[in-house]
Colleague: 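Okay, here's the structure, questions in a sec.
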Amino acid sequence: MKDFYLEIKHIDKKTGARYGILHTPHGDVEVPMFMPVGTLATVKTLSPEELKSMGSGVILANTYHLSIRPGADIVAKAGGLHKFMNYDGPILTDSGGYQVFSLAEKRKITEEGVHFKNHLNGDKLFFSPEVAIDIEEKLGADIIMSFDECIPYPSSYEYTKRSTERTLRWAKRGKDAHKREDQALFGIVQGGDYEGLRKMCAEELAKMDFPGYSIGGTSIGEPKDVCFRMIDYAVKYLPEDKPRYLMGVGSIDYLLGGVARGIDMFDCVLPTRLARHGALMTSTGRVNIRDAKYKEDFSSLDENCDCYCCRNYTKAYLRHLYVCDETFGKRLLSIHNIRFLIRLMEGAREAIKEDRFQEYMDEKLAQFGDKRGF
RNA sequence: GGAGGGGUAGCGAAGAGGCUAAACGCGGCUGACUGUAAAUCAGCUCCUACGGGUUCGGCGGUUCGAAUCUGCCCCCCUCCA
């Protein structure tokens, strides 16, 4: 599809981090970028206008969840996801492959596909590469994902091999089923922590010539060095001119580490979930806004942040809203966390353009702490 | 004045002789969250120098043993006069 392509503008000389423009049917966005997750066709608590004002580019929605509620046909009748949720920027739908992992007790995998028990009422559901693509075509996102199995970590070599080979067959089936010209279908590299399997998977997907590639099976509890290794194993064998998407990554250290390894796109529920739970990523580290020490703290959440929340409200007020379980508090905190990650990536892009990404990463890791969770 | 009912940890509320430092809820304090079954989940919440110490309105009594039985007293609530 010609409406969709990555225009690489600059590659950081020291690290190989990429700066570019991703062209999509719903506008151009700069990469590397962080994509907020809106599983049920809403980034929880936030309006599209708010997202736009934070500099959001692509946002996610989820095939499995939307197929249950409200149903793909209803979204299609509404005119597709963009119209349904009133977001005119690019949208990406995950295929349900993550639910194969997260709803493991409620599904059975066969060669044909995955039999789920609806997590809400136990209804029988069947997802296959063809079913997922059919739903994704009805939803109408700009970028859609192949139906895969997100393999748990750790998994045995035998299982990982069997599953990865099946995911490859599913990728082919999905590609054959995909007909819409205005959607970019990405392949997903699995292969666990096994270099040979990651290589095989990446090479086979590359042969199928997808408009973009994801790295899956990451950020599901594995140690950081393992995650970085899995990225390295896959990236080496992916075409340079296509976008690379690391699935499920949203903490500062993983994001920067991913960028340094040549990743262009990231998504994660972390900023929105943390925000709803009162945990904030700030330029001085993690803040749990519920903590009593903020009771009379009338300073802003992050003096260095330009978001609506930090420009207008104090920690004492945000704590008050959190403690009282007021929705507005969750919204303000979500605005902050998302803006925080979007800004982190804006900084990364500027640094890449000037060949100083390594310095940028070192500085940020020193500032925020090189640890998981924020 | 008469007749009932009741006082349990910060609050509400179980418990009716040993398994009780006392269920549970709220409140308070602290963690965790990674392609969202998550506005969720977990821990702590009498004091402690971690050996133990002091608790169930108060002071006595019975008992090997009392928040639980008993005497008196102090409060609170409802109804009647």
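This one's a predicted model, so the numbers in the text were calculated from it and none came from an experiment. Numbered from 1 within each chain, the chains take letters A, B, ... in sequence-line order.
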Colleague: If you only use heavy atoms from C-beta on, which nucleotide in B:rC29, B:rG35, B:rA32 is closest to the side chain of A:Val269?
Modeller: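 Looking only at heavy atoms from C-beta outward on A:Val269, the closest nucleotide is B:rG35.
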Colleague: Indicate syn or anti for B:rG51, taking the glycosidic torsion and treating anything within 90° of 0 as syn.
Modeller: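 Judged by the O4'-C1' to base torsion, B:rG51 sits in syn, the angle falling within 90° of 0.
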Colleague: In whole angstrom, what separates A:Leu66's CG from B:rG35's C1'?
Modeller: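 Distance check: A:Leu66 CG to B:rG35 C1' gives 14 Å.
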Colleague: Now, which nucleotide makes the Watson-Crick or G-U wobble pair with B:rG27, with each of the two distances under 3.5 Å?
Modeller: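 Across all strands, the one nucleotide that pairs with B:rG27 is B:rU45.
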Colleague: Starting at atom CE of A:Met145, determine the distance to atom P of B:rU36, rounded to an integer number of angstrom.
Modeller: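 Computing the A:Met145:CE to B:rU36:P distance gives 11 Å.
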Colleague: Mind calculating the distance between CG (A:Leu274) and C1' (B:rA38) to the nearest angstrom?
Modeller: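 Distance check: A:Leu274 CG to B:rA38 C1' gives 11 Å.
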Colleague: With A:Lys353 as the cation and A:Tyr19 as the aromatic partner, state whether NZ or CZ is under 6.0 Å from the six-membered ring centre and within 45° of the axis.
Modeller: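 Yes, A:Lys353 sits over the ring of A:Tyr19.
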Colleague: So does A:Arg180 get a backbone contact from the side chain of A:His178, meaning a donor-acceptor N/O pair under 3.5 Å?
Modeller: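 Side chain of A:His178 to backbone of A:Arg180, a donor-acceptor pair under 3.5 Å: yes, one is there.
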Colleague: I want to check one thing: is the phosphate of B:rC33, taken as OP1 and OP2, less than 4.0 Å away from some side-chain N or O of A:Arg276?
Modeller: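 Checking A:Arg276 against B:rC33: no side-chain N or O falls below 4.0 Å of OP1 or OP2.
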Colleague: Side-chain N or O of A:Gln99 less than 4.0 angstrom from OP1 or OP2 on B:rG35?
Modeller: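 For B:rG35, OP1/OP2 do not have a side-chain N/O of A:Gln99 under 4.0 Å.
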Colleague: Give one of base, sugar-phosphate or nothing for A:Val323, where a contact means two heavy atoms less than 4.0 Å apart.
Modeller: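 The answer is sugar-phosphate, as A:Val323 gets under 4.0 Å only of primed atoms, P, OP1 or OP2.
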Colleague: Toward the 5' end of RNA chain B, which comes first, A:Thr327 or A:Asp148, by nearest nucleotide?
Modeller: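 Closer to the 5' end of RNA chain B: A:Asp148.
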Colleague: Does the cation-pi check pass for A:Lys199 over A:Tyr194, that is, NZ or CZ under 6.0 Å from the six-membered ring centre and within 45° of its axis?
Modeller: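 Here A:Lys199 fails the 6.0 Å and 45° test against A:Tyr194.
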Colleague: Decide whether a cation-pi geometry holds between A:Arg339 and A:Tyr308; the criteria are a distance under 6.0 Å from NZ or CZ to the six-membered ring centre and an angle within 45° of the ring axis.
Modeller: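 Checked: cation-pi criterion not met.
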Colleague: Rounding to an integer number of Å, can you tell me how far A:Leu321 CG sits from B:rA39 P?
Modeller: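 The answer, rounded to whole Å, is 18 Å.
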Colleague: What is the distance, rounded to the nearest whole Å, between atom CZ of A:Arg69 and atom P of B:rA37?
Modeller: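 In whole Å, B:rA37 P lies 12 Å from A:Arg69 CZ.
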Colleague: Could you check how far NZ of A:Lys295 sits from P of B:rG27, rounded to whole Å?
Modeller: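 Answer to the nearest Å: 14 Å.
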Colleague: Looking at B:rU36, B:rA37, B:rU34, which one has an atom nearest to any side-chain atom of A:Asp94?
Modeller: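 Nearest to the side-chain atoms of A:Asp94, counting from C-beta on, is B:rU36.
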Colleague: When all nucleic acid strands are considered with a 4.0 Å heavy-atom cut-off, which category describes A:Thr272: base, sugar-phosphate, or nothing?
Modeller: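 Result for A:Thr272 = base.
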Colleague: Between B:rU62 and B:rC69, how many Å separate the two C1' atoms, rounded to a whole number?
Modeller: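 Here B:rU62 and B:rC69 have their C1' atoms 8 Å from each other.
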Colleague: I want to verify a distance call: between B:rU30, B:rA38, B:rG35, whose nearest atom is closest to the A:Arg290 side chain?
Modeller: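 Nucleotide nearest to A:Arg290's side chain: B:rU30.
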Colleague: Charged N to carboxylate O under 4.0 angstrom, A:Lys13 versus A:Asp355?
Modeller: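 A salt bridge is present here (some side-chain N lies under 4.0 Å from a carboxylate O).
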Colleague: Distance check, C1' atoms only: B:rA21 and B:rG52, in whole angstrom units.
Modeller: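 B:rA21 and B:rG52 have their C1' atoms separated by 13 Å.
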Colleague: Expressed in whole Å, how much space separates the C1' atoms belonging to B:rG15 and B:rC59?
Modeller: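 My reading of the C1' atoms in B:rG15 and B:rC59 gives 24 Å.
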Colleague: Nearest whole angstrom, please: distance from the P of B:rG35 to the CD1 of A:Ile220.
Modeller: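 Between P of B:rG35 and CD1 of A:Ile220: 11 Å.
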Colleague: Just wondering, do A:His277 and B:rU40 stack (centres under 5.5 Å, planes under 30°)?
Modeller: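 Stacked: centres under 5.5 Å apart, planes under 30°.
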Colleague: So which of A:Val29, A:Asp28, A:Ile8 actually passes side chain to side chain contact (heavy atoms under 4.5 Å, CB included) with A:Leu22?
Modeller: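 Option passing the side chain to side chain contact (heavy atoms under 4.5 Å, CB included) with A:Leu22: A:Val29.
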Colleague: Take the protein atom OH of A:Tyr64 and the nucleotide atom C1' of B:rG35, then report the distance between them rounded to whole Å.
Modeller: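 These atoms are roughly 15 Å apart.
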Colleague: Report yes or no: is there a donor-acceptor pair, N or O only, under 3.5 Å between the side chain of A:Ser102 and the base of B:rU36?
Modeller: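 Side chain to base: no pair present.
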